[in-house]
Participant: 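Sharing a structure here in structure tokens format.
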Amino acid sequence: MSGHIIAIMGGKGGQGKSQVAANLAFAWTSETKSKVCLLDFDQRASGDLNLITGISGKKTVKDLSEFNGAIDPRSIATFVTAHPSGVSYIGMPNDPSASENINIEGLGKTLKSITNIFPLTIIDLGSEVTPLAQKALEYTTMVFLVVTPDILALNQTKRLFNDLVTMMYPKDMLQIILNQYVKGHPVTPEVVSKTMGKPVFAPIPKDEQTCVMALNRKMPAVLVAKSSPFTKGVVDVVRKVVQKSVLKTLASLNRPAPVAKPTGSGASSGGKESDAKPWVMLKSRIHKALVEEMDLKKSDDNDPKAKIILREQTKKAVVDILGKEDTKGILNNREDMNQIVKEILDEALGLGPLEDLLADTSVSEIMVVGPSKIFYEKGGKIRKSEITFTNDRQVLNVIERIVAPIGRRIDEKTPYVDARLGDGSRVHAIIPPCSIDGCTITIRKFPENRLTYKDLVTFGSVTQNMADFLRIAVEAHKNIIVSGGTGSGKTTLINILGGFIQANERIITCEDAAELDFPQDHVVRLETRPPSLEGDGAIDIRCLVKQTLRMRPDRIVVGECRGGETLDMLQAMGTGHDGSLTTVHSNNPRECIGRIETLVQYAGAGLSPRAIREMIANAVHMIIQQSRLDDGSRRVTYITEIGGMQGDVVTLQDIFTFVQKDIDKNGKIVGEFQASGFIPKFIEVLERKGYNVPRGLFSNAAPPAPKAAPAPAKPQASSTKKPVGAK
């Protein structure tokens, strides 16, 4: 490469980096009598260099990025605006929207060729490592970081410096210019050197008079006042670079290789297993060194600023430790470096490889089986993640990080725990010796936005008629049990049903790990507590249900009945707390009755089976069966009314059912919701009280359909209307 590129950056705006870049170009031509190309790549400050240089060309870097021909002296001449001093300039578009839509790969092709045309190219990169800046840095020989004697500016520049080092740019390539330097100021070149960890390349004195005059005249300061302190400072920078052959020396440094798209790290990009082991071993060594060097638990989890500061300090430590490691063959480009630093920071301070899965809104469940196996559910299907933990200790660290803020614990004495994340997502963890293959974590994610019945209708989980009926049932204070298997969507459905409760009612919820999130204001949330280290002080669901009866509830909602609390829940439902809700694990409404009967017996009250069934028949009005089908979709498959007792049997009457008919080519289940035509008894009671409930809710008659609707639909609709009318 015959020519060189110098990039000018600032840690934040207001450092004078654009003025330094422009004047450096003009000072270089004056001192070396050679041509210089000045490029404006600062997308956040479009057109600033136009004002500083006084040059306004017809072509911009956006035009250059869209040029498809070969870059040579003849073609580049059509884009540059030549200044009599010897500087050739191409500016950024004045329109910010045009600046954002630049073909970055096109400019990369230009930068590769421009060094064969100009001995020196100076680029104003702005104050952020944007994709455009990253592309320019691939071809850059030296970077000048411009900083002013200001503590905040120095801190931001230090952060930018660390970011560039993390991206594997050599520290020698990054040089510091102290702009607007004033003798006697507390922030001296020595202070800057100590903060940045390297000496200041050159100071440029503060000279407001010259700089303001130059801006007013729209000319570079080195041309306006050749003997001014600012001009002398810029010229000194040029002379130091030239006399010490800095560019020639830096050109021999190893730089991060340009990254092909797409790419990833050895362990997380689906690379060979043989590549993953060195990657994991390197991470393990860095973790060990990091623990010895830093106290990673000293951050206040409730203080966002403290967490940011700790992450920055840890990032610097990781980069320094990596600098001492032999990473040849493991970290091949800056993307690998970025990836391993991110993975180490996530494991040291966050939830490790789970961070990206938690951030993915399309992932509904995350399942960890030891350090090397992470599964997740997406679109109703379970998949295996390519990202892994470093070792079992890191998995245990993540579990402890989850349970500590909510006062839970996990150890050999109590090797399992129920907890929740900050966003309400439910977490269950179990560790050895109970978990043979290593620490196991199961996270049931909560949707980012609260779902409503409209979402269920959109997803095809219910019909509009079913949703309207459920609203009526909840508003009419009917006691409802949501039945379903694991992962079928019971909690989601009960959250939506809770949204139907009138805002003026007092709701009390009881859960093992708080998941319910009702929109009403007057909600009291209760949560169980595990035993203390001494083995006492445990508070279970049954205890909480008993407490709710003394708290003047209008509605009691129990997250899940799985033991003796079922008896207390039934008693509450049957003694004046109508409108209560709970969930039970079972496969259909009939099994749900048997399941409740079994759970009541856990209470040890010695009730006969018939007495328990009578209690169920009197207390529970309706069962909603929520199912997860074979294709991963979740549907309400039954809405069933409990009609009382016939002999020793609790009578059930289906109101709505889902009937599966086929499976399409994509494996999706094809079916339809059907109304039985039966009108629930409580609807008639409501009508006698003056409520107007549309009977069409219980009919299969659909709204007027388009002409393409199948012919059999009409007789089917008319036949089901007869029993409804008869009722």
Side-chain angles (χ1 to χ4, degrees), residues 364-365 402 405-408 417-428 442-456 461 467 470-471 473-475 477-529 539-549 551-563 565-566 568-569 572-573 577-585 620 622-624 626 634 636:
S364 57
E365 195 145 5
I402 291 171
I406 59 173
R408 302 291 172 103
V417 68
D418 283 306
R420 65 180 182 276
L421 299 179
D423 63 356
S425 297
R426 186 175 73 195
V427 180
H428 177 270
T442 309
I443 301 176
R444 178 77 53 78
K445 284 179 60 181
F446 263 30
E448 193 173 356
N449 300 313
R450 183 189 289 120
L451 295 178
T452 67
Y453 75 92
K454 293 180 180 177
D455 295 306
L456 290 191
S461 297
L470 292 178
R471 176 188 287 276
V474 173
E475 291 180 353
H477 285 79
K478 298 296 116 181
N479 294 322
I480 299 173
I481 292 179
V482 177
S483 164
T486 301
S488 59
K490 299 187 300 298
T491 305
T492 300
L493 180 57
I494 211 168
N495 258 321
I496 291 169
L497 294 177
F500 294 147
I501 297 173
Q502 292 90 328
N504 62 346
E505 296 189 24
R506 177 176 168 86
I507 308 167
I508 302 180
T509 67
C510 306
E511 302 171 84
D512 280 319
E515 296 177 84
L516 298 175
D517 182 24
F518 295 158
Q520 294 85 350
D521 188 40
H522 197 167
V523 179
V524 180
R525 304 172 73 201
L526 306 180
E527 188 177 56
T528 60
R529 188 181 73 183
I539 298 174
D540 59 13
I541 285 282
R542 188 170 190 189
C543 178
L544 293 181
V545 172
K546 289 178 180 177
Q547 300 311 308
T548 62
L549 303 178
M551 297 171 66
R552 200 255 176 232
D554 288 312
R555 311 263 189 161
I556 299 173
V557 182
V558 175
E560 182 183 344
C561 283
R562 56 163 70 97
E565 67 274 3
T566 310
D568 301 297
M569 189 67 187
M573 286 177 166
H577 297 92
D578 288 339
S580 296
L581 305 168
T582 189
T583 70
V584 167
H585 276 267
V620 183
M622 212 161 64
I623 296 172
I624 304 171
Q626 178 81 19
R634 294 167 173 85
V636 173

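Given the structure is predicted, the values throughout are model-derived calculations rather than measurements.
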Participant: Can you find a pair of side-chain heavy atoms, one from E527 and one from R420, that are under 4.5 Å apart?
Facilitator: yes

Participant: Less than 4.5 Å apart, any side-chain heavy atom of H585 and any of K490?
Facilitator: yes

Participant: Taking C-beta and beyond as the side chain, do K445 and S425 meet within less than 4.5 Å on heavy atoms?
Facilitator: yes

Participant: Can you tell me how far the CG atom of L549 sits from the CD atom of Q547, to the nearest 0.5 Å?
Facilitator: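 Rounded to the nearest 0.5 Å, the CG-CD separation comes out at 8.5 Å.
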
Participant: Taking the side chain as every heavy atom from C-beta outward, state whether I507 and V524 have any atom pair closer than 4.5 Å.
Facilitator: no

Participant: Is there a donor in the side chain of D540 and an acceptor in the side chain of T528, or the other way round, less than 3.5 Å apart?
Facilitator: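 The answer is no; no qualifying pair exists.
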
Participant: From I508 CD1 over to H577 NE2, what is the distance, rounded to the nearest 0.5 angstrom?
Facilitator: 8.0 Å

Participant: For G579 versus N479, what's the shortest heavy-atom pair and its separation?
Facilitator: N-OD1, 2.8 Å

Participant: Flag the pair V558 / I556 as yes when at least one side-chain heavy-atom distance between them is below 4.5 Å, and no otherwise.
Facilitator: yes

Participant: Applying side chain to side chain contact (heavy atoms under 4.5 Å, CB included), run through L581 and V482 and close with a yes or a no.
Facilitator: CA-CA 8 Å; L581 305 168; V482 177; over 6 Å; no

Participant: As a quick check of understanding, evaluate side chain to side chain contact (heavy atoms under 4.5 Å, CB included) for T583 and C561, giving each step before the final call.
Facilitator: CA-CA 6 Å; T583 70; C561 283; over 6 Å; no

Participant: Got L493 and R634 here, is their nearest side-chain heavy-atom distance under 4.5 Å?
Facilitator: no

Participant: Side chains of D512 and I541: closer than 4.5 Å at any heavy-atom pair?
Facilitator: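 In short, these two side chains touch, coming nearer than 4.5 Å.
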
Participant: Using side chain to side chain contact (heavy atoms under 4.5 Å, CB included) as the criterion, list what pairs up with E515, not counting sequence neighbours.
Facilitator: R426, F446, T491, E511

Participant: Less than 4.5 Å apart, side chain to side chain, heavy atoms only: is that true for M573 and T582?
Facilitator: yes

Participant: For R525 and T509, which heavy atoms make the closest approach, and how far apart are they?
Facilitator: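 Nearest heavy atoms, R525 then T509: CA-OG1, 3.3 Å.
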
Participant: Do D554 side-chain atoms and R506 backbone N/O form a donor-acceptor pair below 3.5 Å?
Facilitator: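 Yes; judged by distance alone, with no hydrogens or angles, the pair exists.
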
Participant: Under the criterion side chain to side chain contact (heavy atoms under 4.5 Å, CB included), I'd like the reasoning laid out for T442 against E365: C-alpha separation, chi angles, the key distance, then a yes or no.
Facilitator: CA-CA 7 Å; T442 309; E365 195 145 5; 3.7 Å; yes

Participant: I'd like a table of donor-acceptor pairs (distance under 3.5 Å, sequence neighbours excluded) in which one partner is a side-chain atom from residues 494-504, with atom names and distances.
Facilitator:
residue: N495; atom: OD1; partner: D517; partner atom: N; Å: 2.7
residue: Q502; atom: OE1; partner: R555; partner atom: NH2; Å: 3.1
residue: Q502; atom: NE2; partner: E475; partner atom: O; Å: 3.2

Participant: For a side chain to side chain contact (heavy atoms under 4.5 Å, CB included) check, start with the C-alpha distance between H428 and R444, then their side-chain angles and the critical distance, and finish with the verdict.
Facilitator: CA-CA 9 Å; H428 177 270; R444 178 77 53 78; over 6 Å; no

